[in-house]
Amino acid sequence: MIMATSPTVKLIYYAKLSKPRIIWLLDLAALAGAALSSKFLLIPLISVLAGGTLASGGAMIINEGIEIDKDKVMKRTSKRPTVMGYVSKKEAILVGSVMLVLGTAIGLIANPLTSFFILLGGLIYILVYTIWLKPRTPLNIVIGGFAGSAAAWAGYAAMTDTFTISSLLLGLLIFMWTPGHFWSLALKYKEDYSKAGIPMLPVLLPEKDSAKYIAISNALMAPFALILYLYVGLPYLIVTSIMTALLLYNSMVLFRNPTAEEAWKSFKISAPYLAVILLTIIILKII
Ligand code: HEM
Ligand SMILES: CC(C)=CCC/C(C)=C/CC/C(C)=C/COP(=O)(O)OP(=O)(O)O
């Protein structure tokens with residue numbers, strides 16, 4: 001018989017709650033930020049990756065502690081260990097907070113600016129997005145996108161102890177990418193969000209309009225993706241142009257046919273799109 005309280009099982013629950021499928025892209029953003037600086041310092045790099053992973057995992061766990069009642073109602077989130085009663089609300093918030101503080105402290109090994117950006121990301125996600133904006137406005141995700149930018153800024157700061165135009169631009173790319181990423185998912189799961197009373201854009205607008213805003217936000221993101229070529233070079237411009245053309249084509253297909261299936265396809269290509277761009281920055285800056 002599996003005992004729900006055994007430490008190994010608990011660890012598995014916490015690993016699930018930390019949303020590892022999202023954290024890898026945040027780590028990649030931090031790595032791309034570090035690479036963009038053209039500097040390489042091993043200990044600060046380990047510090048920002050370890051601190052960032054711990055802090056963002058903690059932030060996700062706090063989010064799931066706060067949102068048990070909403071997660072219960074939504075089919076997509078209804079099997080989370082918090083909803084199943086394996087991890088209580090209090091415990092999730094406590095453990096998540098300890099992880100967020102520890103991650104922030106680990107960032108100090110690099111420098112205080114790195115630590116500040118790690119904490120900033122966590123606080124924007126918890127206080128601004130989860131608690132303040134998510135239940136209130138369809139623009140929740142637009143502002144919440146800054147949480148992801150913080151990962152890139154932390155990576156750059158770990159190498160340089162500064163915040164510069166190039167680092168700002170990488171963060172803005174993640175910021176501009178986030179609405180298209182999330183509205184695609186929300187379009188697929190609009191019934192879930194509607195049941196939970198969360199005013200995501202696709203809950204409030206007809207499918208066609210939601211698809212229009214996904215296309216517009218992706219088009220507005222394109223210049224932010226392309227402009228980074230100034231810091232990474234021509235091969236980056238080629239890769240990013242091809243990737244962006246594919247993404248925008250996909251947005252047009254979704255606009256013409258705004259179904260749940262097309263929305264899911266649009267969501268599924270959004271993470272690989274950003275991953276390829278971030279990896280291109282990392283590879284071209286290393287070689
Ligand atoms: C506030 C902004 C954001 C919102 C509301 C959001 C929302 C979501 C949601 C609800 C999922 C599905 C989660 C699940 O597995 O249950 C998801 C998946 C994901 N998100 Fe985000 N996200 C945001 C920003 C970001 C950022 C900044 C990144 C990384 C830079 C990111 C990377 C990912 C990845 C990699 C996945 C997994 C995709 C997959 O399953 O293939 N997200 N996001
Ligand atoms: C330290 C640091 C850089 C932290 C960054 C945290 C961060 C960028 C989080 C990304 C946002 C995210 C995963 C939202 C999930 O949406 P949701 O919570 O609405 O999803 P759900 O419906 O699945 O709970």
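Both ligands and their constituent atoms are indexed starting at 1 by order of listing. Everything quoted here is computed from the prediction, not taken from an experiment.
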Open item on the list: Is a donor from one side chain sitting under 3.5 angstrom from an acceptor on the other, for Thr82 and Lys89?
Closed with: no

Of all protein heavy atoms, the one nearest atom 13 (C) of ligand 1 is Arg76 NH1, 3.8 Å

Do Phe146 and Leu172 make a side-chain contact, defined as non-hydrogen atoms from C-beta onward lying under 4.5 Å apart? yes

Is a side-chain donor or acceptor of Asn257 paired with a backbone partner of Glu262 at a separation under 3.5 angstrom? no

A student checking ligand 1 against Tyr129 at a 4.0 Å heavy-atom cut-off should list atoms 5 (C)

Listed as residue and atom, the protein N/O/S atoms under 2.8 Å from atom 21 (Fe) of ligand 1 are His181 NE2

Contact check, side chains of Leu278 and Leu170, non-hydrogen atoms, under 4.5 Å | yes

Would you call Glu67-Arg80 a salt bridge at under 4.0 Å N-O?
no

Within-cut-off N or O pair, Lys268 and ligand 1, under 3.5 Å: yes

If you scan protein heavy atoms around atom 28 (C) of ligand 1, the nearest is Trp177 CZ3, 3.5 Å

| message | Quick one about Thr162 and Tyr156 (side-chain donor to acceptor, distance below 3.5 Å, no hydrogens or angles considered), yes or no? | response | no

Ring-ring centroid check Phe163 Phe117, cutoff 6.0 Å:
yes

Checklist entry - So, do Leu274 and Leu28 sit near enough that their side-chain heavy atoms are less than 4.5 Å apart? => result no

Is it true that the side chains of Thr114 and Asn111 contain a donor and an acceptor less than 3.5 Å apart?
-> yes

For atom 38 (C) of ligand 1, the closest protein heavy atom turns out to be Phe267 CZ, 3.8 Å

Going by the 4.0 angstrom heavy-atom rule, the piece of Tyr125 near ligand 1 is neither

For atom 4 (C) of ligand 1, the closest protein heavy atom turns out to be Ile141 CD1, 3.3 Å

Any Phe182 side-chain heavy atom under 4.5 Å of Met200 side chain | yes

Salt bridge flag under 4.0 Å for residues Glu207 and Lys190: yes

One finds that the ligand 1 atoms under 4.0 Å from a non-hydrogen atom of Gly144 are 1 (C)

Among Lys16, Arg21, Lys19, the residue with a heavy atom nearest to atom 14 (C) of ligand 1 is Arg21

Any heavy atom of Arg80 under 4.0 Å from ligand 1? The part involved is side chain

Next on the checklist: Whether the side chain of Thr130 engages the backbone of Tyr125 through a donor-acceptor N/O pair (distance < 3.5 Å, no angle test) should be reported.
Outcome noted: yes

Using the rule that Ile, Leu, Val, Met, Phe, Trp and Tyr join whenever any side-chain heavy atoms are under 4.5 Å apart, tell me whether Tyr14 and Ile93 fall into a single cluster. no

Using heavy atoms and a strict 4.0 Å limit, residues surrounding ligand 2 turn out to be Lys19, Ile22, Leu26, Ala55, Ser56, Met60, Asn63, Glu67, Arg76, Arg80, Ile118, Gly121, Gly122, Tyr125, Tyr129, Lys134, Ala147, Gly148, Tyr193

query: Cluster question for you: counting only ILVMFWY and a side-chain heavy-atom cut-off of under 4.5 Å, with indirect links fine, are Ile281 and Leu169 together?
result: yes

